[in-house]
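In what follows, a structure is listed as structure tokens, so that the remarks can point back to it.
Lettering of chains follows the sequences in order, A, B, ..., and the numbering in each one begins at 1.
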Amino acid sequence: MLDIRLIRAEPEKVRAGLEKRGENGAVVDELLRMDEERRARLTELENLKAEQNRLGPQIAQTKKSGGDASALLARSTEIKAAIREREDGVRESDAAQETLLLKLPNLPQQSVQPGGEDAAVILRPASYEPKPFAFEPKPHWDICTSLGLVDFERGSKISGAGFVLYTGLGARLERALISFMLDLHTETHGYTELSPPFVLSRESITASSHIVKFAPEMYHDSESDLFFVPTAEPAIVNVHRDEILEPGALPIKYVAYTPCWRREAGAAGRDTRGLQRIHQFDKVELFRYAFPETSDEALEEMTREGCAVLEALGLPYRIIKIAAGDMSFQGAMQYDIETWAPGTGKWFEVSSASNCTDFQARRGNIRFRREPGAKPEFPHLLNASGVALPRLLATLLETHQQEDGTVLVPERLRPYLGGRERLER
RNA sequence: GGAGAGGUGGCUGAGUGGUCGAAAGCGGCCGCCUGCUAAGCGGUUGUAGGAGUUUAAAUCCCUACCCCGGGUUCGAAUCCCGGCCUCUCCGCCA
């Protein structure tokens, strides 16, 4: 959520930021107008309350000393009615403003280029160029089937299209990758591991602002009004909701594995072959609560930490700097990491790293103190996949497949697969 | 799922209709004292919104907040209703 005071103080800056994302900047004027009216109403109401508060002790004293309080009581009754009336007005103003503010995405940072998907900038590290194959590499769905790693048909039988059943070594490979990544991030990158609930309350999903744009994507249990996590991010945002973090607490680094459920409402039929886009997938998520002044660095680090997974597994990747109009709702700056799937012949997005600045912190009322007694400030919240699994598993199989149909296991992963050097039937 | 108890400031914990933003203690901060990893003494100590002042900040002023939301009342931490959460017992269960 954007700060109404920022909008008040620097409307042009906000307007420019929104327009950079391709949003209509005119909302700024509407907000300013609404805000002015809201404050006028609020002041009027508060003045009435002040008078009523002054009347209270007078009435008590008059009554105690046996005097006639009827005039005071009459006035107080009058004020009571006036307060009731104006309270509705203020409530209305508050709600209208909040509704509008909730719909506004975060402002892009200075360094983010304007434009949409076409304006993405590709940063390609030379040492991780895709390697040529001496034979025709197979797509992962063929490898999965021939090695018995994934049973696509039975997955659909159990839960419908877009759900998969990992079997045997496939299930173990999934588990191995999760463990490997969690260990890497906790032991090498200094993250604290969390295992949060996989369903979230409406309150939580609102604080993380996923409710706004993500709602149609989320599976939802209407009986208990709980949402299946679409990513661990909203769960971790809410860990410190409504808290003031004490001096020394920052930076906080959390890593969590969760399954992720997405209806993929708008994307049915697109890139659905194999493991590219499924309704339930596993993901290891990196998350940081950072000092505002160092959050840019933190984003760079987190992106590198995502890449470290791919490097350790010998997978080619590239980093995409996302343009303003293509960023996630809460992001102010975003990198995507893509890894090459030689069999499918495509780059797969396996990570998205965002600096959400103070956008989520404000919404979730998460603050920190620099020094004991210092004024609370909003930390910057960042998230990065580290990384998403089914696509990782897919590119791993496609990249390390051999001409004989087996798949070579990267050395770093072998301890997690009982020492296996090779996946074979 | 059934029965009971309870949710007060960073923590412990008093407070059952007005003088309560809330006693007391602990902790924190500031100062004094003291030569010893301490104790003592004094003071201070929440958050948010708004108005106004100001170059700006601080101070000052108003409002709100004693789990959340309604209600009763001239007036609610205190009474009533609903919700959420915690604890205990029973039931059920991985």
Might you list the N or O atoms of the protein lying below 3.5 Å from N or O atoms in nucleotides 7-9 of chain B, with each pair's distance?
none

Next on the checklist: Whether A:Lys157 and A:Asp151 form a salt bridge (side-chain N of Lys/Arg under 4.0 Å from carboxylate O of Asp/Glu) is what I want to check.
Outcome noted: no
Next on the checklist: For B:C66, give the paired nucleotide (Watson-Crick: N1-N3 plus N6-O4 or O6-N4; G-U: N1-O2 and O6-N3; both under 3.5 Å), or none.
Outcome noted: none
Checklist entry - Okay, side chain of A:Thr395, backbone of A:Leu392: is any donor-acceptor separation there less than 3.5 Å? => result yes
Next on the checklist: When both hydrogen-bonding distances must be under 3.5 Å and the geometry is Watson-Crick or G-U wobble, what is B:C11 paired with, if anything?
Outcome noted: B:G25
Checklist entry - B:U63 C1' sits how many Å from A:Lys49 NZ, rounded? => result 7 Å
Next on the checklist: Work out how far the C1' atom of B:G83 is from that of B:G25, and round it to whole angstrom.
Outcome noted: 34 Å
Item to check | Charged N-O contact under 4.0 Å between A:Arg412 and A:Glu311 | outcome: no
Checklist entry - Tell me: CG of A:Asn53 to C1' of B:C61, nearest whole Å? => result 14 Å
Item to check | Rounded distance in Å between the P positions of B:C30 and B:U54 | outcome: 33 Å
Checklist entry - Do A:Val229 and A:Val199 come close enough that some side-chain heavy atom pair is under 4.5 Å? => result no
Checklist entry - Please give, in whole Å, the distance from B:G18 C1' to A:Gln52 CD? => result 12 Å
Next on the checklist: For the backbone of A:Leu408 and the side chain of A:His400, can you confirm whether one donor and one acceptor N or O come within less than 3.5 Å of each other?
Outcome noted: no
Item to check | A:Asp242 backbone acceptor or donor facing A:Asn365 side chain under 3.5 Å | outcome: no
Checklist entry - To the nearest Å, how far apart are A:Glu87 CD and B:A64 P? => result 10 Å
Checklist entry - Only one of A:Arg363, A:Lys103, A:Arg91 clears salt bridge (charged side-chain N to carboxylate O under 4.0 Å, His left out) with A:Glu98; which? => result A:Arg363
Checklist entry - Got a salt bridge between A:Glu285 and A:Lys283, using NZ or NE/NH1/NH2 to carboxylate O under 4.0 Å? => result yes
Checklist entry - What integer number of Å spans the C1' atoms of B:C67 and B:G6? => result 11 Å
Checklist entry - Whole Å only: how far is the CG atom of A:Asp94 from the P atom of B:A64? => result 15 Å
Item to check | Check: A:Glu349 and A:Ser385 side chains under 4.5 Å, non-hydrogen atoms | outcome: no
Item to check | Watson-Crick or G-U wobble partner of B:C41, both distances under 3.5 Å | outcome: B:G31
Checklist entry - Residues in salt bridge (Lys or Arg N to Asp or Glu O under 4.0 Å) with A:Arg86, at least two apart? => result A:Glu44
Checklist entry - Taking only residues two or more places apart in sequence, or in another chain, which ones meet A:Phe291 in a ring pair (Phe, Tyr, Trp, His ring centres under 6.0 Å)? => result A:Phe368
Checklist outcome for this item: Answer for the Watson-Crick or wobble partner of B:U54, both distances under 3.5 Å, is none
Item to check | A:Pro57 vs A:Thr77, nearer the 5' end of RNA chain B by closest nucleotide | outcome: A:Pro57
Expected rows: protein N/O vs nucleotides 77-82 of chain B N/O, under 3.5 Å:
none

Checklist outcome for this item: Scoring nucleotides 43-52 of chain B by protein non-hydrogen atoms under 4.0 Å (B base, S sugar-phosphate only, - none) yields ----SSBSS-
Checklist entry - When rounded to the nearest Å, what value does the distance between C1' atoms of B:G15 and B:G21 take? => result 13 Å
Next on the checklist: Without decimals, in angstroms, what is the distance between A:Leu245 CG and B:G10 P?
Outcome noted: 14 Å
Checklist entry - What does A:Glu78 touch in the nucleic acid at a heavy-atom separation under 4.0 angstrom: a base, only the sugar-phosphate, or nothing? => result nothing
Checklist outcome for this item: Rounded to whole Å, CZ of A:Arg75 lies from C1' of B:G75 at a distance of 15 Å
Next on the checklist: Quick check: do A:Asp282 and A:Cys260 have side-chain heavy atoms less than 4.5 Å from each other?
Outcome noted: no
Checklist entry - What integer number of Å spans the P atoms of B:G31 and B:U16? => result 40 Å
Item to check | Separation of atom CZ in A:Arg241 from atom C1' in B:C84, rounded to whole Å | outcome: 12 Å
Next on the checklist: When you measure from the side chain of A:Arg288 to the backbone of A:Lys253, do you find a donor-acceptor pair of N or O atoms at a distance under 3.5 Å?
Outcome noted: no
Checklist entry - When the C1' atoms of B:C80 and B:U73 are considered, how many whole Å apart are they? => result 12 Å
Item to check | Nearest-Å distance once atom P is located in both B:A77 and B:U59 | outcome: 26 Å
Checklist outcome for this item: Taking for A:Gly56 and for A:Glu246 the nucleotide of RNA chain B with the nearest heavy atom, the one nearer the 5' end belongs to A:Glu246
Checklist outcome for this item: By the Watson-Crick or G-U definition, both distances under 3.5 Å, B:U88 is matched with B:A3
Checklist entry - Is there a donor-acceptor contact under 3.5 Å from the side chain of A:Arg420 to the main chain of A:Leu417? => result yes
Checklist entry - For A:His240 and A:Tyr289, what are the C-alpha separation, side-chain angles and deciding distance, and is it a ring pair (Phe, Tyr, Trp, His ring centres under 6.0 Å)? => result CA-CA 10 Å; A:His240 296 295; A:Tyr289 294 71; 5.1 Å; yes
Checklist entry - Would A:Glu377 and A:Arg367 pass as an ion pair if we require N to O under 4.0 Å? => result no
Checklist outcome for this item: B/S/- along nucleotides 66-73 of chain B (protein heavy atoms under 4.0 Å) is ----S-SB
Checklist entry - If you measure from the C1' atom in B:U63 to the same atom in B:G7, how many Å do you get, rounded? => result 26 Å
